[in-house]
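Data block below; observations after.
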Amino acid sequence: MGLIQASRGTRDILPDEVSYWQSVEAIARDLLNRAAYREIRTPIFEETALFERGIGEATDVVGKEMYTFADRGDRSITLRPEGTAGVVRAYIQHNLHAQGGVQRLWYTGAMFRYERPQAGRQRQFHQLGVEVLGSADPRADAEVIGLAADILNTVGIRDWSLSLNSVGTLGDRQQYREALVAYFQPYLQDLDPDSQDRLHRNPLRILDSKDPKTQRIAQDAPSILDYLSEPSTAHFNRVQELLQRLGIAYQLNPCLVRGLDYYTHTAFEFQLDTLGAQSTVCGGGRYDGLVRELGGPETPAVGWAIGLERLAILIQQQGASMAPTVDIYCAARGAEAEAQALQVVQTLRQAKLAVEVDLSGSAFGKQMKRADRSGAVLCLIFGEEEAQQQTVQMKWLTSGEQIVQRQSELFDQISELREKILLSKPTKKI
RNA sequence: GCGAGCGUAGCCAAGAGGUUAAGGCAGUGGUUUGUGGUACCACCAUUCGUGGGUUCGAGUCCCAUCGUUCGCCCCA
């Protein structure tokens, strides 16, 4: 068929699935609000230079994954590949730092990277992220990590593992980098081609190569943790101490190197092995140099981003059902009865009950069948007789019990009704 | 960007060169014209992602293309 389909690497989120997204967003919003984070919404595209400068020209994200094009004014525009750069740009542009103190921000939205799609990876995907700007305190690191853990736990994902590392300051990293190059140089011929290529471009990345031979060589490579300066070590130790106090389990992983240049000090990833090759569901860290790099004042910062598609995969794997169901189904037959039904339903909805109306006009048998499938616990039936007497048949689908009720009396009993509906509902998981 | 697999209805699928393309779920109608969940019956793909080729004959073989899945690179 010559039908137009969604572009490669993009997909529609159909109504059945949207409920997952809404629950995740609701949970995150609630948790973040209570932690004094405020939502920020930044544009979906930015000047290309923002990402080149912010993320780093040598990174893969910038080097080969950006959706970049010239607009009609011949400006180079890029669809945002991640959220932090835009948030920091907005922070600087609107002088949010002038408000003093710490800015706690969160965002969610679509991100774009030009990559081969595979499980848990798309060209348009969605992230939810937080950024804490203006605090160098290790408590900020612990706070954001704790929030990520809370969100994952609350949406029903519990078997994550947290990898933790410190990449120190730029200075620490410079020294470490030299040591690494010196270490790997003699083995150059034994490294896999990718790693050979990375030796001078980005030696830290050799550490998490998947090539077995390279891994063996990397095992005895110097550890970043031995190259941290005093203050860097102190910061990292304090972060670990705080995580322990919060009861958050983690593994130290000196090979954890994040792909974007702006990270300093703490780096972390929440992973699950059920995600296939894309095991990371949340990644983040501290980025003390980025704000100044982008032209703002020296501002320490820390944050993370959760991949929402990956989160959705995990939630579905755990079998959590989020299908919304209606409380009440309304069956009606005959013009007058149908009109009365609509009036009653409107009032019920105003009283915060979820009601679905059958529009088929077909036999009551058919309508009841649909009532059953809708998941409603109560079916309201309006026929000719009821219409004449201004009554309604209330049939409880869970018990089969059925009573006649005057329509006018129905509204006096809304709170009892709501209670009874809640009681008859099978308990829903998140 | 590289390598491999897959593409038959809304969904899951059988089909492996030969007259009418299994089956299941969902859906629609009926048995039951004012009462659901069960059961039974009927209907539901002129066509196998798309385009071209081979052949007397193609869902089945070949090529291309698009999509998708898995892996690599990288990342959320």
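Just so it is clear: chains get the letters A, B, ... in the order the sequence lines come, proteins before strands, and each one is counted from 1.
- In this structure, A/R121 reaches the bases: a heavy-atom distance under 4.0 Å links it to at least one base atom across the strands shown.
- Between A/L308 atom CG and B/rA76 atom P the separation is 13 Å, expressed in whole Å.
- As the counterpart of B/rC56, B/rG18 is assigned, both hydrogen-bonding distances of the Watson-Crick or G-U wobble pattern falling under 3.5 Å.
- Between A/T68 and A/T78, the side chains place a donor N or O and an acceptor N or O closer than 3.5 Å (distance only, hydrogens not considered).
- Proximity of a side-chain donor or acceptor of A/R370 to a complementary backbone N or O of A/S360 within less than 3.5 Å is not detected.
- Contact annotation for A/E385: base contact, defined as any heavy-atom pair under 4.0 Å involving a base atom.
- Pairing partner, B/rU46: none, since no Watson-Crick or wobble contact has both distances short of 3.5 Å.
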Scan nucleotides 36-40 of chain B against the protein and return all N/O pairs shorter than 3.5 Å with their distances rounded to 0.1 Å.
{"residue": "B/rG36", "atom": "N7", "partner": "A/K395", "partner atom": "NZ", "Å": "3.2"}
{"residue": "B/rG36", "atom": "N1", "partner": "A/L397", "partner atom": "O", "Å": "2.6"}
{"residue": "B/rG36", "atom": "N2", "partner": "A/D372", "partner atom": "OD1", "Å": "2.5"}
{"residue": "B/rG36", "atom": "N2", "partner": "A/L397", "partner atom": "O", "Å": "2.9"}
{"residue": "B/rG36", "atom": "N3", "partner": "A/D372", "partner atom": "OD1", "Å": "3.1"}
{"residue": "B/rG37", "atom": "O4'", "partner": "A/D372", "partner atom": "OD2", "Å": "3.1"}

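- Between A/E386 and A/E82, the residue whose closest nucleotide on RNA chain B is further toward the 5' end is A/E386.
- Across all strands shown, B/rA39 pairs with B/rU31; the Watson-Crick or G-U wobble distances both stay below 3.5 Å.
- Within the nucleic acid shown, A/A371 has no heavy atom closer than 4.0 Å to any nucleic acid atom.
- The separation between A/Q124 atom CD and B/rU68 atom P is 13 Å, rounded to whole Å.
- Each of A/Y114 and A/S279 was assigned the nucleotide of RNA chain B with the nearest heavy atom; the assignment lying further toward the 5' end belongs to A/Y114.
- A/Q367 comes within 4.0 angstrom of nothing in the nucleic acid, heavy atoms only.
- A salt bridge is absent between A/R89 and A/E47; no separation between the charged side-chain nitrogens and carboxylate oxygens falls under 4.0 Å.
- Using a 4.0 Å heavy-atom criterion, one finds that A/G383 contacts the bases of the nucleic acid, with or without backbone contacts as well.
- For the side-chain contact (heavy atoms from CB on, under 4.5 Å) criterion with A/F184, the lone passing option out of A/V181, A/L180, A/L188 is A/L180.
- Rounded to the nearest 0.5 Å, atoms CD1 (A/I315) and OG (A/S23) are 7.5 Å apart.
- The residue A/A119 sits close only to the backbone: its heavy atoms come under 4.0 Å of sugar-phosphate atoms, none of a base.
- Taking a pair to require two hydrogen-bonding distances under 3.5 Å in either a Watson-Crick or a G-U wobble arrangement, B/rG3 pairs with B/rC70.
- Listed pair A/Q118 / B/rG71 meets the phosphate criterion, a side-chain N or O lying under 4.0 Å from OP1 or OP2.
- In this structure, a donor-acceptor pair under 3.5 Å is present between the side chains of A/D141 and A/H235.
- Side chains of A/M368 and A/Y329 form no contact here, defined as non-hydrogen atoms less than 4.5 Å apart.
- Note: CD (A/Q215) to P (B/rC72) measures 12 Å, nearest angstrom.
- The side chain of A/R113 contributes no N or O atom lying less than 4.0 Å from OP1 or OP2 of B/rC75.
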